[in-house]
Visitor: 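What follows is a structure written as structure tokens; I'll ask about it next.
Lettering of chains follows the sequences in order, A, B, ..., and the numbering in each one begins at 1. Everything numeric here is computed off the predicted structure, so don't read it as measured data.
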Amino acid sequence: MLPAQLGRAPRHLLVCERSHARHPRSRHAAHVRDHAYSCRVSFLIPECGVLPEVVKSTIADIGDYYLVRSLPVHELVTHEFIDAFVKKGSCYALSYKTKIDQDNTAALLPNGKLILSVDKGTYEELGLQGRPSRYSGKKVMRYIITIDLTDAGFQPESKKHNRVLWALKEKKPLEFDFLLAWYNTGAEGSTLMSYFSKNQIQALKPKITFSTLRDLQCPVLQSNDLQGKPEESCSTEELFEWLGAVLNQVSLDNKSSSFLSTYCCPEPNTVVEKAFLCTITGFIIPEKIIQLLEQLCSYFSEPKLAYWLTLTVHGFADSPVSWRESEHGFHKGGENLYNFVIFRNLDYWLQMAVGAHDDCPP
Amino acid sequence: MAGFADLNLPQGLDKKSLQSLLDTAAHLGYSAVALNHVIDFKEKKQEIAKPVSPSELFPSLPIVQGTSKRIKVLTRLTLIVSDPSHCNLLRSTSANIRLYDIIAVFPKTEKLFHIACTTLDVDLVCINVTEKLPFYFRRPPVNMAIDRGIYFELLYTPAIKDSTMRRYTISNAISLMQICKGKNIVISSAAERPLELRGPYDVANLGLLFGLSEGEAKAAVSTNCRAAMLHGETRKSACGVVYTVKKPRKVEEEETAVPACKKAKTQA
């Protein structure tokens, strides 16, 4: 009598690929760069008590991000802003405290595209052309508007530019709190802080926490075997589940008195005396993650006890895009994250996971 | 996808408990709630009072968790009808009824359910969840209601309070789903205390138990509620297209200007 779909969880995808970090066609940096907005980066190094100095300095160098309150969207479309920040280096902007399945959201990608994800009422009042959202169902309630700011046809005083400015300034002024970050490729000019000094702009540092885990059970992995062999190594799915348990501080011992979790570390596993876990929370840009990834790869340039280490990056649950420009939605959960497992011989596994209203990651 | 809304918060309570209900609803993530004033015709004749304006009741509305906007509060009237003569109130142009944002009707017999779905000017038809349905749903009135843009409301708080009512809630909901195929459903609480409120994603999961699909269940708490609120707004306008707003009168230059009818003749 009860419907059969009760037993099924909402759809989720896990894509795993394997390569070598120093291979000329390795795409690890490209994958990191494609995922624009990251809110949390964590890495776990087994058999490590003290972090090497180079890694520590890379973390300290992560840089600030900025929070601007009540910034009208038409300020991001003016040519002063485009020439000062979008064309010189990579500028990232994401609206703060807006839910992707309920409110309007805005995001600026480093390739100069401004993405507005608006609900039906706002779309009809705004007057800019967009397309219906893929996750909206038969009665379309959400539209995605993409404006290319670096387009040749978007010159000052061109029809396109005037229309966009008129829509965002007079027809339906949109205003959000924005999280901003800018990766400067060495050009001179003003900084975000000085440009938005009239709005209430705050510079914020990412929050960094270190912890050392004792007597941790770690699965045994073989770098050339993604599926794992029973009795010899664990598969990527088992590693993914275990890593999620460790990063969320779920205890792995399956005590009979615990009602929260009966999860156990997958077999075969070894007990590691100590492991180093670092978590960085904030608005972190991909360029810094690539630097951190390189430093973690060079961790294995000297002989170390650990066989592998992991780097996990979580994206924002409410961002309108996940990888490149594929649309991201929030159904019951908005996870879009990726995880690198780097082995001693610099082989790596890359796992990318998305939730229900998402495209398959590239 | 619209913001989440809970269209049934009983209003017969004192101000402090209403305020705590509102705070809990905003904390759980609801962007809009409707304060429900229930009229039962079985008791002695009651006058329909003017709705209390939310801005008078609550000087400062709480901010919805996770956004920077304040929660929206609407007014709603529910009429419990058990006799066809009770419906006359809706047909009369009583000024006070027009002032409510949403109007709902709770039919007790099959004939009244048919009348509510086909002719009455309401936004929501409440479905009884506390006792076994005295009548079966039939396809023609339900389909007519869907065409007219009327939504069927299911409550979930009785299911939290009592296990017998839980059975009736699920069985009544499933029999409704078999007829309406999951369209035009709104799920709301009738929570009298903050503890009886549940978060919107939890209510959407509850919709799965009633037989809705995942998308329909989430719509029952968001998109359909928005549509019901807009349906109520069209009652204040002409055919949903023309709104009238009272403007302050301009007294000067009235006598010297040419009367409008004369102007039109000269221009034509």
Visitor: Is atom NE2 of H74(A) surrounded by more than 12 heavy atoms (other residues, nucleotides or ligands) closer than 6.0 Å?
Guide: yes

Visitor: Closest heavy-atom contact between K332(A) and A204(B)?
Guide: CE-CB, 4.4 Å

Visitor: Looking at Q65(B), I'd like to know if its CD atom is crowded, meaning that more than 12 non-hydrogen atoms belonging to other residues, nucleotides or ligands lie closer than 6.0 Å.
Guide: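 Yes.
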
Visitor: Could you look at D318(A) and say if it's the side chain, the backbone, both or neither that has a heavy atom under 4.5 Å from chain B?
Guide: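 The answer is neither part of D318(A).
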
Visitor: Apply salt bridge (Lys or Arg N to Asp or Glu O under 4.0 Å) to K69(B) and D103(A), showing your working.
Guide: CA-CA 10 Å; K69(B) 288 189 285 198; D103(A) 314 316; 3.5 Å; yes

Visitor: My understanding is that only residues two or more places apart in sequence, or in another chain, count here; which of them pass side-chain contact (heavy atoms from CB on, under 4.5 Å) with P140(B)?
Guide: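 With sequence neighbours excluded, P140(B) shows a side-chain contact (heavy atoms from CB on, under 4.5 Å) to R138(B), given in chain and number order.
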
Visitor: If you look at every heavy atom in S31(B) and Q102(A), which pair is closest and at what distance?
Guide: OG-OE1, 3.6 Å

Visitor: Could you tell me which non-hydrogen atom of H331(A) sits nearest to which non-hydrogen atom of G215(B), and how far apart they are?
Guide: CE1-N, 4.5 Å

Visitor: What pairs meet the salt bridge (charged side-chain N to carboxylate O under 4.0 Å, His left out) rule with one or both residues in residues 164-173 of chain B, with sequence neighbours excluded?
Guide: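 Salt bridge (charged side-chain N to carboxylate O under 4.0 Å, His left out) check on residues 164-173 of chain B returns no pairs.
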
Visitor: Please determine if K218(B) and D101(A) form a salt bridge, counting it only when a charged side-chain N lies under 4.0 Å from a carboxylate O.
Guide: yes

Visitor: Measure the spacing between NZ of K120(A) and CG of L230(B) and express it to the nearest 0.5 Å.
Guide: 8.5 Å

Visitor: Go through the structure and list residues passing side-chain contact (heavy atoms from CB on, under 4.5 Å) with T75(B), not counting sequence neighbours.
Guide: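 So T75(B) forms a side-chain contact (heavy atoms from CB on, under 4.5 Å) with P51(B), P54(B), Y100(B), D101(B).
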
Visitor: Could you list which of residues 142-150 of chain B have a heavy atom closer than 4.5 Å to any heavy atom of chain A, in residue-number order?
Guide: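 Within residues 142-150 of chain B, near chain A: nothing under 4.5 Å.
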
Visitor: Please examine the side chains of K99(A) and T67(B), heavy atoms only from C-beta on, and report whether any two atoms are closer than 4.5 Å.
Guide: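 Yes; the side chains approach each other to less than 4.5 Å.
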
